[in-house]
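What you see below is based on every heavy atom in this structure, not just the backbone, and it leaves out hydrogens, waters and symmetry mates. This chain uses plain numbering: 1 for the first residue, then up along the sequence.
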Amino acid sequence: MLLSTQTVTAPKNKLYYGDNLEVLKMYVKDESVDLVYLDPPFNSRQDYNVLFAEKDGSQSSSQIHAFEDTWEWNTESMRAYEQIVEQGGRVADALRAFKTFLFNTDMMAYLAMMAPRLVELRRVLKETGSIYLHCDPTASHYLKILMDAVFGPQFFRNEIIWKRSHAHSDAKQGAQHFGRITDTLLFYSRGTRTIWNPLYTPYDEKYMERDYRRIDENGRRYRIGDLSGPGGAAKGNPRYEVMGVTRYWRYSKEKMDQLIAEGRVIQTRPGAVPQYKRYLDEMPGVGVQNLWDDLPPINNRSNEMLGYATQKPEALLERILNASSNEGDLVLDPFCGCGTTVQVAQRLNRRWIGIDITHLAIGLIKKRLSDAFGAEIKSTYDVIGEPTDYAGAAELAAEDKYQFQWWALGQVGARPADQKKGADRGIDGRLYFHDDDSGQSKQIIFSVKAGGVTVSQIRDLAGVLGREKAQIGVFLSFDEPTKPMLREAAEAGLYKSTDGTTYPRLQILTIQQILDGKQPDYPLHRRDATFKKAPRSRPAAAENLPLPLLPGEN
């Protein structure tokens, strides 16, 4: 029998748009994931991973539309509660206990919606896998009880306190609490033998000066340690003479002679008990404890800041991934937000699955990956759940106009406009670019229309261009533009870049053209500045790490 020589292509990394509960059930196999990190929305909706809040703290109308019912006690949360309770077991017992004193509150809705997701996350974890749940003190005590019910209290590993910011004005005048600058990470394992790589941090300078104050002839710092055998003969330690001193020793006579020959035994003065030379450069450092106050916070001075409200520093995810996974392992983030987990997993040569419920986040993650790893990264992962044809885009527009807007804007690299609820200033999105060395950002504004279009909408966009002093305007539409629309767009004139190249000042793109790969025409010889660009990043080995085969994949 001849063996087939056909090459089997390994499945790619996955980025899913959709409800993570449904994605987990449909696409992620039992015991296929090595590490789960999740930073779910907390009990208050303003803490959800919403992008681009107004400077005054208010949310745009689209954000409010998408998230206002996230954790309210309603039919959906009641159904989730009933389904878990009807299954019985420890998780059901925990939810029923919560219900006796939380009643039909938003916190109860939060726990009812989190419970089935945690059950699914346990299902997909390998026996050697771990899960880190990121939360704030508002809900951490409830979540710990829920995690005990899902994973078993015997599999609790750590409650990690992460200092997420320096002292600030959280405790405002009149507030009766101390400043809140920490979050909590609940660390559980699936089984008793889990992937674990001890981590260390550098020694404190004062500690090194005090304990490793000696320096040998080669410039190496060292300290001296006891060579005596504790317990003497009762512990089986040998007794012999070393450098004129006879006592019980920690090592055999042969081992001691070897250490002396290697220069590792020192006698500080004649007759003194010989000591062992322990070099600083041979020590691993201080073991990482459960208080993480050494990681740089995300702020306006951070190179990696992307403008995402709840963005976590890459160093935080690096620590988690390095401790609880190895190269080639599969990492899952079911609330992947701006994609920090995904980017760090890619850089550390882990395979990954990311899930988010907004096209806003999916678009940002795709751009972040391209910024960090180059355009070629697109061939190493699949996006599942996004419209790929005209019919899919139309279906999305019919279901949710805001998600459609976010998707359409994401296809052209734009970000949604910040606008207060009820306000409509004719701008659905913005894209910024630079075409000179002045440092001044140039602006493209977008108008997205899912329904019928008219020439008056083009005139309106032209007016917005002038009002906003924008360089270019782009009209995104399902329908083909009429001749009057094209004529009106042409009358807006041209934008002349600093190198003399001209671009239509008002452009019309259809959804079909976008799906075919057409993009707005604007200066690309300098980077765009729409989202703050993710730092350039490369994995140690730029290989496409395969995922486990899913049902239907070959």
| query | Between Arg351 and Asp329, is a salt bridge (charged side-chain N to carboxylate O under 4.0 Å, His left out) present by the stated rule, with each step listed? | reply | CA-CA 6 Å; Arg351 299 168 297 141; Asp329 284 350; 5.3 Å; no
Strictly under 6.0 Å, is that where the ring centroids of Phe155 and Tyr188 end up? no
Taking the cut-offs as 6.0 angstrom to the six-membered ring centre and 45 degrees off its axis, would you call Arg278 and Tyr222 a cation-pi pair?
no
Is the closest basic N to carboxylate O distance between Glu314 and Arg368 below 4.0 Å? yes
Minimal heavy-atom distance between Tyr248 and Gly232, with the atoms involved, is CG-CA, 3.7 Å
Taking NZ, NE, NH1 and NH2 as the nitrogens, is one of them in Glu209 or Lys206 under 4.0 Å from a carboxylate oxygen of the other? no
Under a 3.5 Å threshold, yes or no: a donor from one side chain and an acceptor from the other, between Ser189 and Ser130? no
**Prompt:** Hey, are Arg221 and Glu282 close enough for a salt bridge, meaning a charged N less than 4.0 Å from a carboxylate O?
**Reply:** no
field: Pair Glu31 + Lys126, salt bridge at N-O below 4.0 Å
entry: no
Handout entry: Ring-face cation contact, Trp292 with Arg319, 6.0 Å cut, 45° max
Key = yes
Rounded to the nearest 0.5 angstrom, the CG-CD distance for Leu143 and Glu159 is 11.0 Å
Ion pair Arg90/Asp93, N-O distance below 4.0 Å | no
Query - Residue Arg193 excluded, over 12 heavy atoms near CZ under 6.0 Å - result: no
Check this for me, if you would: do Arg117 and Glu22 make a salt bridge, where the nitrogen-to-carboxylate-oxygen distance has to be below 4.0 angstrom?
no
Any chance the rings of Tyr381 and Trp352 have centres within less than 6.0 Å? yes
Between Tyr27 and Tyr16, does the ring centre distance come in under 6.0 Å? yes
